[in-house]
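Notes to accompany the following structure.
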Amino acid sequence: LLILDSLLSFRWLVIAVGLVRAYLAKGSYHSLYYSIEKPLKFFQTGALLEILHCAFGIVPSSVVLTAFQVMSRVFLTWAVTHSVKEVQTEDSVLLFVVAWTITEIIRYSFYTFSLLNHLPYLIKWARYTLFIVLYPMGVSGELLTIYAALPFVRQSGLYSISLPNKYNFSFDYYTFLILVMISYIPIFPQLYFHMLHQRRKVLSHTEEHKKSE
């Protein structure tokens, strides 16, 4: 389990290093997506296994929350950013990639040090504090990227199925993306306030433990 957490943390470090190297080489943060496109697709698709890890108790996270987070990221990676080439140069893509990367490095560092029974307070604090900025940052990047994709999806008819056809079934991907954006309204606050509750619970417990010492 320790090795697993270390590897999961390492894969996001690869993306972080790729972003920094590309930025230093180009001297600009624009279009950095291309520098980490392949590892992002590979690692984020592999993250589907995390749902099983949670289901079997290998990783101490909620199955439902993990499934939503992983599936939404896989969707953003493949069904939006990969499929709509025009959005790959949008700064919003970098916004959610950076938010994902920092979040996951912190999360799996937290798990790794917890398993070693030597969790530095700084990592615990970062795990339950930086999300206050990183979650809205990631969600903003995701929503802005989907929004940027809409006109191209409408124009190309991407993934849409029109009538008549032998299955008597129609699907409008443009409308589907709008519904995905709307779904963030009820779901994001629940995740965000859940983390705020966890933060109060964990950090207040830590403060009480320090005082008792």
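All values reported here derive from a predicted model rather than from experimental measurement.
Between L76 and I146 there is a side-chain heavy-atom pair separated by less than 4.5 Å. Looking only at side-chain heavy atoms (C-beta outward), K38 and K41 stay at 4.5 Å or farther from each other. In this structure, K26 and S35 have side chains that are not in contact, with every pair of non-hydrogen atoms separated by 4.5 Å or more. At least one side-chain heavy atom of T129 sits under 4.5 Å from a side-chain heavy atom of R199. Using a 4.5 Å heavy-atom threshold, the side chains of V84 and T145 count as separate.
Note: the hydrophobic cluster containing L196 also contains V139 (ILVMFWY, side chain heavy atoms under 4.5 Å, direct or indirect links). Both I106 and V20 are members of a single hydrophobic cluster when ILVMFWY side chains are connected at heavy-atom separations under 4.5 Å. One hydrophobic cluster holds both Y34 and I15 under the rule that ILVMFWY side chains link at heavy-atom gaps under 4.5 Å. Residue V98 is grouped with residue I132 when hydrophobic side chains (ILVMFWY) are merged at heavy-atom distances under 4.5 angstrom, including chains of intermediate members. In terms of hydrophobic clustering, with Ile, Leu, Val, Met, Phe, Trp and Tyr side chains grouped at heavy-atom distances under 4.5 Å, F113 and V202 are assigned to a common cluster.
For the residue pair R11 and A47, the shortest heavy atom distance occurs at NH2-CB, 3.7 Å. For T101 against A16, the heavy-atom pair with the smallest separation is CG2-CB, 3.7 Å. Of all heavy-atom pairs between F96 and G138, the closest is CB-O, 3.5 Å. Counting all heavy atoms, side chain and backbone alike, Y174 lies closest to S160 at N-OG, 4.4 Å. The nearest pair of heavy atoms linking V80 to V87 is O-CG2, 4.1 Å. Among all heavy-atom pairs drawn from S162 and N165, the shortest one is O-ND2, 3.1 Å.
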Verdict with reasoning, D91 to L144, per side chain to side chain contact (heavy atoms under 4.5 Å, CB included)
CA-CA 9 Å; D91 292 342; L144 287 170; over 6 Å; no
Using the rule given for side chain to side chain contact (heavy atoms under 4.5 Å, CB included), can you reason through Y184 versus E142, listing the C-alpha separation, both sets of side-chain angles and the distance that settles it, and then say yes or no?
CA-CA 10 Å; Y184 276 71; E142 293 169 22; 2.5 Å; yes
Checking F152 against L158 for the side chain to side chain contact (heavy atoms under 4.5 Å, CB included) test, could you report, in this order, the C-alpha distance in whole Å, the side-chain angles of both residues, the deciding distance, and whether it holds?
CA-CA 8 Å; F152 302 106; L158 180 71; over 6 Å; no
Checking side chain to side chain contact (heavy atoms under 4.5 Å, CB included) for the pair T77/W100: CA distance, chi angles, key distance, verdict?
CA-CA 12 Å; T77 301; W100 292 358; 3.7 Å; yes
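Salt-bridge annotation for R73 and E50: absent, with no side-chain N of the basic residue lying under 4.0 Å from a carboxylate O of the acidic one.
S72 contributes a side-chain N or O that, together with a main-chain N or O of Q69, makes up a donor-acceptor pair within less than 3.5 Å. A donor-acceptor pair is defined here as one N or O able to donate and one able to accept, closer than 3.5 Å; no such pair exists between the side chain of T66 and the backbone of I51. Proximity of a side-chain donor or acceptor of E86 to a complementary backbone N or O of A149 within less than 3.5 Å is not detected. T45 contributes no side-chain N or O that, together with a main-chain N or O of F42, makes up a donor-acceptor pair within less than 3.5 Å.
Classified by interplanar angle (parallel below 30°, tilted 30° to 60°, perpendicular above 60°), the ring pair F176/Y173 is parallel. Taking the six-membered ring where tryptophan is involved, the planes of Y128 and F110 are perpendicular, since the angle between them exceeds 60° and thus also 30°. A parallel orientation is assigned to the rings of F171 and F169, their planes being inclined by less than 30° (bins at 30° and 60°).
Separating the OG atom in S114 from the NZ atom in K124 is a distance of 7.5 Å, to the nearest 0.5 Å. Between atom OH of residue Y167 and atom CD1 of residue I161 there is a gap of 9.5 Å, rounded to the nearest 0.5 Å. Atoms CH2 and CD1, from W12 and I102 in turn, are 11.5 Å apart once rounded to the nearest 0.5 Å. In this structure, OH in Y121 is found 5.0 Å from CG in L203, a value given to the nearest 0.5 Å. Atom CG in L32 sits 12.0 Å away from atom OG1 in T89 (nearest 0.5 Å). For the atom pair Y111 OH and R107 CZ, the distance stands at 4.5 Å (nearest 0.5 Å).
Defined by atom type and a distance below 3.5 Å, a donor-acceptor pair is missing between the side-chain atoms of Y33 and T81.
Checked against a 6.0 Å centroid threshold, the rings of Y192 and F131 count as neighbours.
Taking Ile, Leu, Val, Met, Phe, Trp and Tyr as hydrophobic and joining them when side-chain heavy atoms fall under 4.5 Å apart, one finds L65 in a cluster with F68, I187, L191.
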